[in-house]
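One structure is given here, and the rest of the page talks about it.
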Amino acid sequence: MKVVVVGAGYAGTIAANRLAKKAPDLEITVVNPRPSFVERVRLHEEIAGTGEAATPLGSMLAAGIAVQVGSVEKVGDGNVTLADGGTLDYDYLFLAVGSTVTPLAGTVGVGTWEGADQARAQLAALPAGSAVTVIGGGLTGIETASEVAEARPDLRIRLVAETVAASLSAGAQKRVHTALERLGVQIVNGSVSAVDPGPSGTVHLRSGAGLDSDLTLWAVVAGVPELAAHSGLQVNWEGRAEVDEFLRSVTDPRIFVVGDCAAVPGARLSCATASPQGAHAADTLARMIKGRKIKPYSMGYTGQALSLGRKDGVVQASRRDDRVRRLYVTGRVAAIGKEWVSRYAEYGSRTANYAWLPGKR
């Protein structure tokens, strides 16, 4: 029996490895546009030059799993069409292509490996006194701005957003603001209308103000690849593939959809979402092959973690439905906590050993 996994992020990698462990007779092929496993939770480290986000894919996958480097144009009817014209046939497929970043013209998108790699090179070339603008007040933008500010105190760093750390509790939001200010990050409240291209462009705000910027980073992660829609799968208004309670496409039950590209109610874009979905879908297929009863997907959140440079951070506690609690931890303890969260996500994908809380019933 042949299984193709499209995408080798957290969801796709753990799905492939878990299948190899639980159903060793399967012929598994992973298709990925690059020969690396990218830790998206470390892309801000890649940008600032304080860490590495890419690991050779061969070292992440179990022995016997084949790797095909390339892009997929279409899936369906038991066939995968590759961008180079090649094809792969399958009995079951896992669609795990994640989410996308569509940067505003004149900016560098930092939510992907390619964007982070480009940003790292441009940042390293900036002379002292240059201005770096990070657009986006979510966790990606906060981590990027704080990491760059700590690594390059000789630069002028600003964060432009209508709100900053909106997903955290009020107390944690204040703590994030304090940490950014301590690192010298200027917070500019507003939205961006356009960015002039070039090394010394201007960031134009909708208010009419203009900000000089030698490097502008787009830290807004939104949208998913069009592969599911292009393949004729039923998608929601965001382009995410609609799935049943077992994470199978409602259009084609031979296709499991996991991670950011799956329309799972209540799920947010994160490795904390992707890993349980990839693992559960793999478990489901293994049960199906063995003729055992399959179980609906259920997952509950515990919180959010973000770094504020290498020595500071915030760990925000939440209820299982992802509503934040008042409790949060900061400082060195939180920085260590965030590091362990990142390591566990990589460990889970590589070893297929991963546990999560069920959702609230």
Side-chain angles (χ1 to χ4, degrees), residues 10 39-48 50-51 53 99 110-111 116 132 134-153 157-189 217 219-222 260 266-275 299-348 356-357:
Y10 295 103
E39 296 182 76
R40 291 187 70 168
V41 295
R42 294 193 187 278
L43 285 177
H44 58 288
E45 299 175 37
E46 182 73 32
I47 294 164
T50 56
S99 53
V110 297
V132 177
V134 179
I135 301 173
L139 303 193
T140 299
I142 294 167
E143 290 193 319
T144 300
S146 58
E147 196 80 19
V148 171
E150 185 177 83
R152 292 292 305 272
I157 313 298
R158 69 170 68 92
L159 180 66
V160 179
E162 293 184 88
T163 59
V164 175
S167 65
L168 305 182
S169 64
Q173 288 180 37
K174 291 180 181 179
R175 180 61 173 76
V176 168
H177 277 77
T178 300
L180 290 171
E181 292 169 2
R182 176 180 56 79
L183 289 167
V185 177
Q186 177 191 8
I187 299 175
V188 179
N189 294 114
L217 306 178
V220 181
V221 179
D260 292 350
R268 61 175 158 87
L269 309 185
S270 69
C271 63
T273 302
S275 295
M299 177 263 181
Y301 291 100
T302 59
Q304 303 172 56
L306 71 151
S307 62
L308 297 165
R310 293 295 82 211
K311 300 177 182 178
D312 194 7
V314 172
V315 175
Q316 170 73 66
S318 74
R319 295 176 173 81
R320 294 193 189 190
D321 62 3
D322 211 26
R323 290 180 297 151
V324 297
R325 298 178 181 272
R326 293 178 62 182
L327 175 66
Y328 61 92
V329 179
T330 64
R332 179 62 70 89
V333 172
I336 294 172
K338 169 60 192 300
E339 176 62 23
W340 278 107
V341 167
S342 299
R343 292 188 184 188
Y344 184 59
E346 185 274 341
Y347 169 84
W356 64 94
L357 285 176

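Between the side chain of Thr273 and the main chain of Arg268, a donor-acceptor pair closer than 3.5 Å is present. Under a 3.5 Å cut-off, the side chain of Asp260 and the backbone N or O of Leu269 do not form any donor-acceptor pair. No side-chain donor-acceptor contact under 3.5 Å links Glu46 to the backbone of Ala116.
Nearest heavy-atom pair across Cys271 and Val41 is SG-CG1, 3.8 Å. Taking every heavy atom of both residues into account, Tyr301 and Gly266 meet most closely at CE1-O, 3.7 Å. Val185 and Ala145 make their closest contact through CG2-O, 3.9 Å (heavy atoms, listed as atom of the first residue, atom of the second, distance). When all heavy atoms of Gly111 and Val221 are compared, the pair lying nearest together is CA-CG2, 4.3 Å. Nearest approach of Gly141 to Ala219, heavy atoms of both residues: CA-CB, 3.5 Å. Closest approach of Leu183 to Ser146, counting heavy atoms only: CD1-CB, 3.6 Å.
Using a 4.5 Å heavy-atom cutoff, the side chains of Gln316 and Tyr328 are in contact. No side-chain heavy atom of Leu217 sits less than 4.5 Å from a side-chain heavy atom of Ile135. With contacts defined as side-chain heavy-atom distances shorter than 4.5 Å, the pair Val188/Gln186 qualifies. At least one side-chain heavy atom of Arg40 sits less than 4.5 Å from a side-chain heavy atom of Ser99. The shortest side-chain heavy-atom distance between Leu357 and Thr302 falls under the 4.5 Å cut-off. In this structure, Val324 and Ser167 have side chains that are not in contact, with every pair of non-hydrogen atoms separated by 4.5 Å or more. Considering only heavy atoms from C-beta on, Ile142 comes within 4.5 Å of Val176 through its side chain. Considering only heavy atoms from C-beta on, Leu180 comes within 4.5 Å of Val164 through its side chain.
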(request) Go through the steps for Arg175 and Asp312 under the test salt bridge (charged side-chain N to carboxylate O under 4.0 Å, His left out), then give the verdict. (result) CA-CA 11 Å; Arg175 180 61 173 76; Asp312 194 7; 3.0 Å; yes
(request) Output, in order, the C-alpha distance, side-chain angles, deciding distance and verdict of salt bridge (charged side-chain N to carboxylate O under 4.0 Å, His left out) for Glu45 and Arg42. (result) CA-CA 5 Å; Glu45 299 175 37; Arg42 294 193 187 278; 3.1 Å; yes
(request) Could you check Arg319 against Asp321 for salt bridge (charged side-chain N to carboxylate O under 4.0 Å, His left out), going step by step and ending with a plain yes or no? (result) CA-CA 5 Å; Arg319 295 176 173 81; Asp321 62 3; 5.9 Å; no
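Atoms OG and CD, from Ser275 and Glu346 in turn, are 10.5 Å apart once rounded to the nearest 0.5 Å. Note that the CG atom of Leu308 and the CZ atom of Arg182 stand 7.5 Å from one another [nearest 0.5 Å]. Between Thr163 atom OG1 and Asn189 atom CG the span is 8.5 Å, to the nearest 0.5 Å. Taking OG1 of Thr144 as the reference point, atom CG of Leu159 lies at 9.0 Å (rounded to 0.5 Å).
Counted by atom type alone, His44 and Ser307 present one or more donor-acceptor pairs between their side chains at under 3.5 Å. Gln304 and Ser318 share no donor-acceptor pair across their side chains, judged by distance under 3.5 Å alone. In summary, the side chains of Glu39 and Ser342 do not present any donor paired with an acceptor at a separation below 3.5 Å, with no hydrogens or angles considered.
A salt bridge (charged side-chain N to carboxylate O under 4.0 Å, His left out) with Arg310 is found for exactly one of Glu150, Glu143, Glu147, namely Glu147.
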